[in-house]
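Just so it is clear, the structure is predicted and the values come from calculations on it, not from any experiment.
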Amino acid sequence: MTVNRRERATLRGRKRKKVRVASVIGEILIVSGVAVFGYIVWQPWHTGITVQNQQQQLSENLSSTWTFDDQTASSSPAESFSFAGDVPVIAGQAPDDSFAILYVPAFGSSYANVIAEGVSPEGVLNPSDKGIGRYSSTQQIGEIGNVGLAAHRSGAFITPFRDITNLRVGDPLFIETSEGWYVYRYRSTEYVAPDASEVLNPFPRLEGQISQDRILTLTSCHPKEWSTDERVISYSVFEEFIPKSEGPPAELVELNPRFAKKVGAA
C-alpha cells in the first residue's frame, strides 16, 4: 500500500503535534517538580530559621518591657512586685494578646517563643509573631492545676513545637512573665486521639479532680509532617518560681548563650 504526499504530510503533522504536546507536558511536570522541591527546602528553612530568629527578637523586646531600669524614675511590674514566697498567678489576658515567653533549651540553645492567649489559628497559632497559645479553659500560669499550651509542629506557618519529641526526663522549661520566671521539669509524653480533651483537665486524664501540682502541658499534632491523625502531649511539672529582681534562672543562663551574654557569663 502506498502513501501519497498529502497523507505523508498529515502523518508528519500528527507526529509533530504529539511531540509538542508531550514536550509541553514534560516541561510542566519539570517546573512543578522544581516548585515542589523548592517549597520543601524553603518551608523548614523559613519556619525553622527565619521565623525563629524573629521570635528571639520579639521575645527580647517583650522581656525588656518587664525589666526595671534603675536609671529611670518610672516603675515596672518587676519593681512594684514583692515576692513573699507564694507563687504568683498571672492575671487573665485578652484573647490573642501576648503575655509570656517560653524557653526550651531542648528545642535549641537560643529557643524562645512568645505565648499568647487562646488557640485561635488566625489570631495566635498561625501568625509568625505569636505561635504558642494558652488554652483559655485551662489554669493560669502559677495556678495549681494544668496550664495547657498549643502550637504547630509542621506546615507553612510558625512551628514552635517542631522538636517536642526531643524532650527527655528532667529537661528544664522556663516561662518568663512580668512577675518572674516559672521553672518546670519535663516528665513524660503520650500520644492520643484528637478529641482526647481530658489531657487538659486540671489533673490530666482524671475528670473533676484537682491536682496539688502545677502542671505544664504542651500539645501538638502527630505524626510530625503534615498530619492531624493524633496529638502528641508533653507533660512537665512546676519546680520553682524566681522573681524578676533575682534575674534569669542560673540554669537558663548556662544553657542559653543569649542570656549568658546578657549577664556577662559568656
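- For Asn256 (side chain) and Val253 (main-chain N/O), no donor-acceptor pair under 3.5 Å exists by modelled atom type.
- Minimum interatomic distance between Gln93 and Glu117 (heavy atoms only, all atoms of both residues): O-CG, 3.6 Å.
- Two residues are said to be in side-chain contact when any heavy atoms from C-beta on lie closer than 4.5 Å; Pro172 and Leu252 fail this criterion.
- Salt-bridge annotation for Glu122 and Lys130: absent, with no side-chain N of the basic residue lying under 4.0 Å from a carboxylate O of the acidic one.
- No donor-acceptor contact under 3.5 angstrom links the side chains of Asn53 and Gln57, judged on distance only.
- A side chain to side chain contact (heavy atoms under 4.5 Å, CB included) with Val192 holds for exactly one of Glu230, Arg231, Glu198; it is Arg231.
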Gln54 and Ser128: side chain to side chain contact (heavy atoms under 4.5 Å, CB included), yes or no, with the steps? CA-CA 8 Å; Gln54 177 189 6; Ser128 61; 3.3 Å; yes
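- The two residues Ala100 and Ile175 have their closest heavy-atom pair at CB-CG2, 4.0 Å.
- A continuous path of ILVMFWY side-chain contacts below 4.5 Å connects Tyr191 to Tyr186, so both sit in one hydrophobic cluster.
- For Phe238, the ring pair (Phe, Tyr, Trp, His ring centres under 6.0 Å) partners are Tyr184, not counting sequence neighbours.
- Of the possible donor and acceptor atoms, one in the side chain of Gln56 sits under 3.5 Å from a partner among the backbone N and O of Ser110.
- Between atom CG of residue Leu149 and atom OG1 of residue Thr217 there is a gap of 8.0 Å, rounded to the nearest 0.5 Å.
- Listed for the Ser59 side chain is a donor-acceptor partner under 3.5 Å among the backbone atoms of Gln55.
- Paired with Ile132 under the rule side chain to side chain contact (heavy atoms under 4.5 Å, CB included), one option of Asn113, Val114, Leu125 passes, and it is Asn113.
- Side-chain atoms of Glu179 do not come within 3.5 Å of backbone N or O of Ile90 as any donor-acceptor pair.
- Ser98 contributes atom OG, which lies 8.0 Å from atom CG of Leu58 (distance to the nearest 0.5 angstrom).
- Of all the heavy atoms in Lys244 and Trp66, the pair that sits closest is CE-CB, 3.8 Å.
- Scanning both residues, Pro105 and Leu255, for their nearest heavy atoms gives CG-CD1, 3.8 Å.
- Here the side chains of Val232 and Thr189 are in contact, with some heavy-atom distance below 4.5 Å.
- Separation of atoms CZ (Phe161) and OG1 (Thr219) is listed at 7.0 Å; rounding is to 0.5 Å.
- Using a distance-only test at 3.5 Å, with no hydrogens or angles considered, a donor-acceptor pair links the side chain of Thr138 to the main chain of Gly148.
- Between Pro243 and Trp181, the closest heavy-atom pair is O-CD1, 4.4 Å.
- Residues Phe99 and Leu62 form no side-chain contact, since every pair of their non-hydrogen atoms from C-beta on lies 4.5 Å or further apart.
- Of the possible donor and acceptor atoms, none in the side chain of Glu176 sits under 3.5 Å from a partner among the backbone N and O of Phe174.
- Distance CG/Leu173 to CG/Leu167: 5.5 Å, rounded to 0.5 Å.
- Between the side chain of Arg153 and the backbone N or O of Ser220, no donor-acceptor pair lies under 3.5 Å.
- Side-chain atoms of His222 and Asp229, non-hydrogen and from C-beta on, never get closer than 4.5 Å to each other.
- Residue Arg187 places its CZ atom among 12 or fewer non-hydrogen atoms of other residues, nucleotides or ligands, all under 6.0 Å distant.
- Under a hydrophobic clustering in which Ile, Leu, Val, Met, Phe, Trp and Tyr are joined whenever their side-chain heavy atoms come within less than 4.5 Å, directly or via other members, Val237 and Val183 fall into different clusters.
- Here OG of Ser120 is found 8.0 Å from CG of Asn126. Values are rounded to the nearest 0.5 Å.
- Inter-residue side-chain proximity for Pro160 and Ile158 is flagged as met; some heavy-atom pair is nearer than 4.5 Å.
- Between the side chain of Glu143 and the backbone N or O of Gln140, at least one donor-acceptor pair lies under 3.5 Å.
- Across Asp171 and Ala106, no two heavy atoms sit closer than the pair OD2-CB, 3.7 Å.
- Contacts of Phe203 classified as ring pair (Phe, Tyr, Trp, His ring centres under 6.0 Å), with partners at least two apart in sequence or in another chain: none.
- A donor-acceptor distance shorter than 3.5 angstrom exists from the side chain of Arg134 to the backbone of Gln139, with no hydrogens or angles considered.
- We find the CZ-CD distance between Arg214 and Glu240 to be 12.5 Å, quoted to the nearest 0.5 Å.
- Not a single donor-acceptor pair under 3.5 Å links the side chain of Tyr235 to the backbone N or O of Leu218.
- Judged as a ring pair (Phe, Tyr, Trp, His ring centres under 6.0 Å), and not counting sequence neighbours, the contacts of Tyr111 are Phe107.
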